[in-house]
Structure formats: structure tokens, C-alpha cells
Protein chains: 2
Amino acid sequence: MRPQEFNTPVMTIPAAVAAGREIEIAQDLNLPGFVMSFAPNEEIFGEEEPTDFVYKVVSGAVRTTRFLADGRRQIDGFHLPGNVFGLERGEAHRFSAEAIGECEVALVRRRAVERAAESDVAVARRLWSLASDNLEQLQDHMLLLSRKNAAERVGAFLLELSARASSHTVELPMSRGDIADYLGLTLETVSRTFSQFARDGLIELPSPRRVVIRNASALTVS
Amino acid sequence: MRPQEFNTPVMTIPAAVAAGREIEIAQDLNLPGFVMSFAPNEEIFGEEEPTDFVYKVVSGAVRTTRFLADGRRQIDGFHLPGNVFGLERGEAHRFSAEAIGECEVALVRRRAVERAAESDVAVARRLWSLASDNLEQLQDHMLLLSRKNAAERVGAFLLELSARASSHTVELPMSRGDIADYLGLTLETVSRTFSQFARDGLIELPSPRRVVIRNASALTVS
DNA sequence: CGAGCGTTTGAACAGCGTCAAAACAAGTGG
DNA sequence: CCACTTGTTTTGACGCTGTTCAAACGCTCG
């Protein structure tokens, strides 16, 4: 969705929500922004598009993805309410972002963020902090992708979501295919691993999109 | 190698080289530091050790690594002369660093870097820049690890080294095992892929540690 | 109740890993 | 200069994990 297209009919922006307001991009960094709604699988921004905005999930869930030329897909990360995404230093996005289900996203102009960082050292350090946190997450994920087997990957994924939700019961907003592209597997392998975990009593699957973790330590590696 | 152990006999610090001097950590950021030499496979810093220093390769090559509990290893990155490594925001290193061959590394106190960033916005933004560049590299590497096959991984690796050396002839400081742990493969698969590339005329292998790239486009994916 | 999508399950296959041995390179001492 | 040692690389044979292809199942929502 390009900024120029904000007023196309497909956009559903409740007037009260879309009105300009302060968005907390980082701790102690509130900047003026606005909120937009997206339908399931709608693109929030595309690869190669200019990095005019920084985004923050208000409700729902977002995935950021990259593709190889032949269509192989990788999901870079899942973004839940409160998470910031799309903050890059280059002029063009290196990945695309899509709404997973119905969701609301807050937008802040990147220029506003950059200006704040230029005048305020504390802000600049917070941005470094943000990038570093992101970096550490990616490092953990790289270890998963390079050296863990299917069961370890799915286990780590469930524990990650459980930690982010601070709950043993996890609601999965994303499909098996999304999970597969996040973990570097196929959707069949993800599904089989879920089933196996359930048979082994490590989890319960009241429904395909709801998981209850019964034995967290058995899902852990390193 | 802990700072406390600087003067142990295993250290070989030529006096002239070890003397305090200015180190360029980032563009427009020179800070006082010193240079140390390391023997092949010697540890420069270990996981969990305090992040007291920031490092920059002067000569030779360095690998940064992470391990799973059972010993599975991942190489996070290879660092060549001019590259900065070990700059983390946390109090403890999240990975270890080892000299690949005989090498020299410049050290700068992390506190000095942090102080510079506190007083100078331009420095703080450079550090963000450094973290962002690092981030983009990792994102590319993640796509490689999650969705590319063995030939594509080895091809990308050779092209990466070729680009960093700005030459079609690449000198490999690291072993097949190191390459494997960087690419998420086994050393046998890496070796087989090298051999296959040579049979197909994509590369020449004058010696195991020297590669001449003959057909770069055939090694590329995406 | 039926259509459509997402999920699960099965069977066959293939790519990469594992295990093992041979080839090779570099250094050491006789 | 050669025999010997040690570590790295290459190659081979085989097996397993995860993929591919296909079909059945089960939600969810008209």
C-alpha cells in the first residue's frame, strides 16, 4: 500500500482512529502519526518501496517477508501488538509486510524519527538499541535455521510465542504455511510435528490455531 | 582471552604494535586502542564474557561462533581486515570469537565508544548505521539458511568473499568445516560442492584454499 | 447443507548427513 | 632427501530427515 493510495476505497479508516495522534515508537519517543486498518493478507508495504514510514502494530498480526526469484519465501518475523517494524536505514524497503488477519497499524513518518535522532542523543541511542535488539533476535533465529532439526524449530517457535504472550495457551494468528516459511520447513512438516507433539503429550491442540503447552522443557534445546 | 590475562606468556605483543594509538572504529570515529596478536584457533573472547572491548581486524581473519548445548556450532560471520566485531549492547558477549589463522586485532574500550556516542549525535547515528548494516547482512544470510540448497549456499559464499576481496581469485583463510558451520551444512557437502563446481567449470581450485571464479552468474540465485 | 480453504495424513522420493577410508599437504626429524 | 606424522580435504556407500505429490478430513461461513 503506497502512501499515495491512502484514500482508495479498500482502506477502511475509522475517522476517530485515523486522526493524527502521538505514537510511541520507542520508549521516551512519541511522535505524531496515524492508524490504518488492513484486511487479511493485504500488503502494508512492498519490497523496493521507499521507506517513508515506520510502523507499529496496534492490533492483529503482521508478517515481514522476503522472496527468491523463483518464489521461495522466507518470513523474516511476526509482529504482534506493540512491535515496531519497517524501520530501515536505506531508502527502499528490503522486504515486504502483510497483514496476517484483520489488523490495525500505526504509521509515523520516518523523517520525523530521523529528525528526532539528529537533535537528541538519547533518541539516537534508543534507535541503536532497537536495531541491536532486532539483531540479537535474528542471531538466535539464524542458529535455529542453521543447526536445529524440525522438532527443535517448531518447539522453539511455540516457546517464543508463549513467551511473547506470557501464557501457556497460545493463539496462532498465522497459518501452517506461514510458520513453515518462518522456520525454513514445509507446511506438511510443521503440521506433522504439531501432531507428533500432541501425541507425545507435549502440547494440546484444542483447535488447529490454538496450542496449550504442557511440557515446555521438553520443547527446549540449548 | 580475558583482559586480565594480557601479560601471560602466550601473548605475543610486539611492543611497537601494542603501544596505544588511534583506532578507527567507524568513519569519523577514532578512539585510543591497542593491537594484540593471536595464534591460529586462539580465543579472542568467549561467550558470556563481559563486553569490555570492541574489536577490529588488522590482519588475518576472525570467526564469531555460537554453540548449542550438544556442541553443534554455528559461525555467525567471518571478519576480515578492516571489519569491526564484538560490538554488542549487552553486558556479556552472546558469541565467542577466535583467530582463524595467525592474526592481529585492534581493541578499543567499549566505554570509550559509549561515551563518544553520549556526547556526539553523529557518533550515535554511526553506531546505529553499523548495527543496521550488520542487520541487513544477517537478513540476507537468514534467507540463505532457510531457503537455499547446498549449491546455492556455497555459490553465494564464494561470491560474497569475491566481492569482499574485489577479486575473482579468492584466498580462503578458513577450513571446509568453518565454511560448513557458516552455511549450515557439513564439511563433506561443502567439499563435494566445491568439487562439483570445478567439474562444471564454474570455478578453478588450484589448491584447496584458493578459488578462481570462472562463471559468477552461474553461482548466483535471486 | 454445500463450497472453499486450511489442515492432516500417507507413500514415495531425494538431498544432505553420517560413517568410513583414501588421498593429499605440510612440517619434523633422521 | 626421504620416511614419518598430523591434520585437512576428497571421495564413496548408505541411511535418514524432511520434501514432494496426492488424497482425505474438518472447519467456517455463506
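Here is the naming used below: chain letters follow the sequence lines, and residue numbers restart at 1 for every chain.
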Check: [X] side chain, [Y] main-chain N or O, donor-acceptor pair, under 3.5 Å:
X	Y	result
S191(B)	L187(B)	no
R21(B)	V35(B)	no
H141(B)	G77(B)	no
R89(A)	L130(B)	no
D70(A)	R72(A)	yes

Looking only at heavy atoms, what is the nearest atom pair of [X] and [Y], with distance?
X	Y	result
L202(B)	A218(B)	CD2-CB, 3.6 Å
S146(A)	Q74(B)	OG-CG, 3.1 Å
R147(A)	R73(B)	NE-O, 3.0 Å

Point to revise | Outermost nucleotides of DNA chain D that come under 4.0 Å of a non-hydrogen atom of chain B | key: dT8(D) to dA13(D)
Nearest whole Å is fine: how far is [N] [atom2] from [X] [atom1]?
X	N	atom1	atom2	answer
L183(B)	dC16(C)	CG	C1'	14 Å
R209(A)	dG6(C)	CZ	P	8 Å
Q196(B)	dC16(C)	CD	P	12 Å
R72(B)	dT18(C)	CZ	C1'	15 Å
L172(A)	dT8(C)	CG	P	10 Å
R176(A)	dC5(C)	CZ	C1'	14 Å
D181(B)	dC16(C)	CG	C1'	15 Å

Practice item. Look at S195(A) and dT9(C) and indicate whether a side-chain polar atom (N or O) is within less than 4.0 Å of OP1 or OP2. Key: yes
Check your understanding: Under 3.5 Å, is there a donor-acceptor pair between the S132(B) and N134(B) side chains?
Key -> no
Practice item. Establish, from distance only, whether the side-chain atoms of Q139(A) and R94(B) form a donor-acceptor pair under 3.5 Å. Key: yes
Practice item. Please round to 10 degrees the angle between the axis of the first five pairs and the axis of the last five pairs in the helix from dC1(C)-dG30(D) to dG30(C)-dC1(D). Key: 30°
Review point. Base, sugar-phosphate, or nothing for L185(A), non-hydrogen atoms under 4.0 angstrom?
Key: sugar-phosphate
Exercise for review: Scan S191(B) against the nucleic acid and name what it touches under 4.0 Å (heavy atoms): base, sugar-phosphate only, or nothing.
Suggested key: base
Review point. Can we say R214(B) and D200(B) salt-bridge, meaning some charged N sits less than 4.0 Å from an Asp/Glu carboxylate O?
Key: no
Review point. Does E160(A) pair with R153(A) as a salt bridge, N-O distance under 4.0 Å?
Key: no
Exercise for review: Assign each of T186(A) and S207(A) to its nearest nucleotide of DNA chain D by heavy atoms, then name whichever residue's nucleotide is nearer the 5' end.
Suggested key: T186(A)
Check your understanding: With nearest nucleotides of DNA chain D determined for A151(A) and N41(B) from heavy-atom distances, which residue corresponds to the more 5′ nucleotide?
Key -> N41(B)
Which protein N or O atoms sit under 3.5 Å from an N or O of nucleotides 19-27 of chain C?
unit_1, atom_1, unit_2, atom_2, d
dC19(C), N4, E188(B), OE2, 3.1

